[in-house]
Amino acid sequence: MKLNKNQKIASESSNKICCVLAGPGTGKTLTITAKILHLLNEGINPDEIAAITFTQKAAVEMKQRVINSLQKKENLPFIGTFHLLCLRLLREFLPEKEKHFQICTRAKQREIISSLNEKNIDKIIEKITKFKNTNTPFDEKTLIVYEKYEEKKKELNLFDFDDLLLKTLQLIKNKQIPPLFSYIIVDEFQDINKIQYELIKGLLKKEGSLSIFGDPDQAIYSFRGSEIDLFLNLPKDFPDLTLINLSLNYRSQANIIEASNKFITANTKRFSKRIEPTKEKKSLITLFEVEDEYEEAKTIIKEIKSRLGATDFTELYENKEETQYSFLSFAVLTRTNNQLKIIKDFLAKEGIPVKTIIKDPESWTSSFIKKLTETMYSQSKKLISNIPLFEFLQSSNIYNGLTDTEISMLNNMAKTYHNGKLIEQIQAFIDELSGLTPFDLFPENLNAVSLLTLHSAKGLEFPIVFIAGFDEGLIPYTISNTDIEEERRLFYVGMTRAMDDLILIHAKQRFINGKKMSLSVSSFLKDIPEEYIKIKKVRSTQTGPKQKGLF
DNA sequence: GTGGAGCACTTTTTT
DNA sequence: AGTGCTCCAC
């Protein structure tokens with residue numbers, strides 16, 4: 001494992017509390033992995049170590065790297081989410097008659113709330129989770145619903161996701177759970193809320209050591225209770241804090257790094273830090289000024305095609321030229337999900353494959369499972385029972401009527417079921433389907449252009465990144481967010497996803513919530529110094545949704 | 001189970 | 001001044 005100087009210092013630090021500032025593309029996961037391996041190498045008992053993340057995806061990635069390095073899966077430290085850690089602690093430390101609860105999933109939450117004759121179910125769930133995480137008070141009506149919801153949950157012996165953390169914290173405060181770990185590592189610390197902060201403090205042994213990894217400039221989740229001040233106040237809370245800055249960026253060409261460095265200094269709530277590029281300057285950021293959202297989509301298509309080496313439609317699909325890019329190289333980022341729809345339709349109409357994150361996997365999978373099961377079961381009867389599921393899928397006509405995303409995901413999952421009778425495989429497979437997360441429905445290796453919101457692009461990287469809707473009102477989203485610094489961090493996250501080219505698009509007019517709006521370019525433009533960006537005005541040829549082809 | 005009225009319209013994770 | 005949803009009547 002090859003580490004740079006500060007990565008090495010961070011991975012070997014044995015200080016009481018160490019905070020590692022890990023800007024975009026600076027090798028955070030590598031360094032955390034190295035730290036875990038270093039501790040194990042020093043002979044620390046794995047049970048003394050906990051590496052905590054916010055998402056499964058981050059946990060899986062980290063765990064996989066540790067497994068690959070150690071060449072073993074047993075006797076590993078805890079590497080997982082806050083929720084998994086709390087679930088395990090509750091199963092271990094709750095009194096016998098309380099510990100056999102089940103998880104109250106989103107679907108179950110909806111069921112409970114709707115049984116109380118409430119509408120706006122998701123709004124209510126949102127308010128409840130906000131209350132549990134930040135103590136945001138209820139209005140009178142929601143308070144009553146909340147009390148009934150809690151009652152019902154108790155009756156059914158269910159804990160919701162927030163309860164997992166809250167109950168654990170309660171047990172810690174009652175001294176029913178002792179400090180358990182000598183080494184706690186926290187990933188993405190900028191996303192932390194008060195409850196998670198208390199949990200960490202309560203689980204760390206008195207002589208233990210705490211390592212914090214994160215980047216305050218990428219804090220974009222205040223709307224769900226994360227508090228950037230918990231990060232920024234660390235030096236005050238811990239006067240003996242060691243700060244280490246991972247400053248070398250291995251992702252983006254120099255122009256993108258220098259522009260984003262300058263851009264983010266417009267914020268005041270931050271630690272002063274700079275990222276140094278390791279790659280050379282390649283090209284300027286491009287800003288396209290176009291007429292409307294249709295011209296925006298057309299610009300994206302044109303730029304994709306020119307980079308794939310195609311001058312017309314047929315060449316592209318005959319794959320005549322070898323180019324350094326494929327559809328996988330491109331991502332289009334927007335502030336809202338709404339904006340992605342029209343882009344998706346335009347790209348799809350051009351035959352450009354796209355993939356998006358499915359917001360509601362529960363309802364998606366339920367219809368998908370329905371669609372699959374009928375065909376699978378009816379066909380499986382006709383087949384010899386011991387062929388692997390993957391081959392069964394390929395030999396059947398299940399793929400008819402599925403999208404590329406669905407097929408790719410299906411194949412990925414089916415490959416993991418090699419053994420057992422066919423019916424059992426199908427049953428196991430369907431069980432697994434119901435546990436899907438949004439990212440499972442976003443197959444990484446599917447050769448398609450990624451369409452994402454700025455939020456869901458965090459942690460990812462692409463050679464070519466478009467940020468569409470670089471309009472005042474959308475970026476920053478002043479339509480309903482007054483926290484401009486958080487909006488600036490969100491755009492900073494977007495900028496720093498790009499490896500080679502960053503392309504911004506501003507449309508002079510577009511429909512927002514049914515209204516045709518005239519928009520000026522984002523006020524964030526003035527925070528990017530002129531020398532890093534070139535502006536191209538695209539004159540409208542013909543516009544409108546009725547038009548058939550683009551070439 | 002469906003069609004039309006009424007309504008809301010930012011971002012999202014967690015077994 | 002568009003879209004997608006939820007609800008309710010049928």
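Order of the sequence lines fixes the chain letters, A, B, ..., with proteins taken first and strands second; residue numbering starts at 1 for each chain.
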Visitor: Atom CD1 of A/I192 and atom P of B/dT13: how far apart are they, to the nearest Å?
Guide: 18 Å
Visitor: Could you state the CD1-P distance from A/I103 to B/dT13, rounded to the nearest angstrom?
Guide: 17 Å
Visitor: Is the closest side-chain donor-acceptor distance between A/Y149 and A/D160 under 3.5 Å?
Guide: yes
Visitor: Verify the contact: side-chain N or O of A/Y221 to OP1 or OP2 of B/dT12, cut-off strictly under 4.0 Å; return yes or no.
Guide: no
Visitor: With respect to the phosphate group of B/dT11, does any side-chain polar atom (N or O) of A/K130 fall under 4.0 Å of OP1 or OP2?
Guide: no
Visitor: Starting from P on B/dT10, measure out to CD on A/E486 and report it in whole angstrom.
Guide: 16 Å
Visitor: For C/dG4, does OP1 or OP2 lie under 4.0 Å from any side-chain N or O of A/K341?
Guide: yes
Visitor: Could you state the NZ-P distance from A/K344 to C/dG4, rounded to the nearest angstrom?
Guide: 11 Å
Visitor: Looking at B/dT10, I'd like to know if its phosphate oxygens (OP1 or OP2) sit under 4.0 Å from a side-chain N or O belonging to A/N337.
Guide: no
Visitor: Looking just at side-chain N and O atoms, do A/E111 and A/Q109 make a donor-acceptor pair shorter than 3.5 Å?
Guide: no
Visitor: Using every non-hydrogen atom in the two residues, find where A/L164 and A/H83 come nearest and quote the distance to one decimal.
Guide: CD1-O, 3.9 Å
Visitor: Provide, to the nearest angstrom, the distance between the CG atom belonging to A/L474 and the P atom belonging to B/dT10.
Guide: 11 Å
Visitor: When you check the side-chain N and O atoms of A/E487 and A/N481, is any donor under 3.5 Å from an acceptor?
Guide: yes
Visitor: Does A/T105 make a side-chain N or O approach to OP1 or OP2 of B/dT15 shorter than 4.0 Å?
Guide: no
Visitor: A/F511 has a side chain; which of B/dT10, C/dG2, B/dT14 sits nearest to it?
Guide: C/dG2
Visitor: B/dT11, B/dT10, B/dT15: which one has an atom nearest the side-chain heavy atoms of A/S480?
Guide: B/dT10
Visitor: Does OP1 or OP2 of C/dG2 have a side-chain N or O of A/N338 closer than 4.0 Å?
Guide: no
Visitor: Does A/Q109 reach a base, just sugar-phosphate, or nothing at all? Heavy atoms under 4.0 Å.
Guide: nothing
Visitor: Just by distance, no angles: are the side chains of A/E485 and A/T268 close enough, under 3.5 Å, to form a donor-acceptor pair?
Guide: yes
Visitor: Provide the distance between the two C1' atoms, one in B/dT13 and one in C/dG2, to the nearest whole Å.
Guide: 30 Å
Visitor: Taking atom P in both B/dT14 and C/dT3, what distance in whole Å separates the two?
Guide: 32 Å
Visitor: When both hydrogen-bonding distances must be under 3.5 Å and the geometry is Watson-Crick or G-U wobble, what is B/dT10 paired with, if anything?
Guide: none
Visitor: Just verifying a value: how many Å separate A/N233 CG and A/I228 CD1, rounded to the nearest 0.5 Å?
Guide: 10.5 Å
Visitor: What is the pairing partner of C/dC7, taking Watson-Crick or G-U wobble pairs with both distances under 3.5 Å in any strand?
Guide: B/dG4
Visitor: For the residue pair A/F271 and A/F231, categorise the inter-ring angle as parallel (less than 30°), tilted (30 to 60°) or perpendicular (more than 60°).
Guide: perpendicular
Visitor: At under 4.0 Å, does any side-chain N or O of A/Q56 touch on OP1 or OP2 of B/dT15?
Guide: yes
Visitor: When the P atoms of B/dT12 and C/dC5 are considered, how many whole Å apart are they?
Guide: 15 Å
Visitor: Which part of the nucleic acid does A/F223 contact within heavy-atom distance under 4.0 Å: base, sugar-phosphate only, or nothing?
Guide: base
Visitor: Between B/dT13 atom P and A/H83 atom NE2, what is the distance in whole Å?
Guide: 12 Å
Visitor: From B/dT11, B/dT10, B/dT14, pick the nucleotide closest to the side chain of A/T55?
Guide: B/dT14
Visitor: Taking CD from A/Q190 and C1' from B/dT13, how many angstroms apart are they, rounded to a whole number?
Guide: 14 Å
Visitor: Mind calculating the distance between CD1 (A/I113) and C1' (C/dT6) to the nearest angstrom?
Guide: 16 Å
Visitor: Of A/K123 and A/F161, whose nearest nucleotide on DNA chain B comes first from the 5' end?
Guide: A/K123
Visitor: May I ask you to evaluate whether A/T453 reaches the phosphate of B/dT12, defined as a side-chain N or O under 4.0 Å from OP1 or OP2?
Guide: yes
Visitor: Side chain of A/T336: nearest nucleotide among B/dT14, B/dT12, B/dT10?
Guide: B/dT10
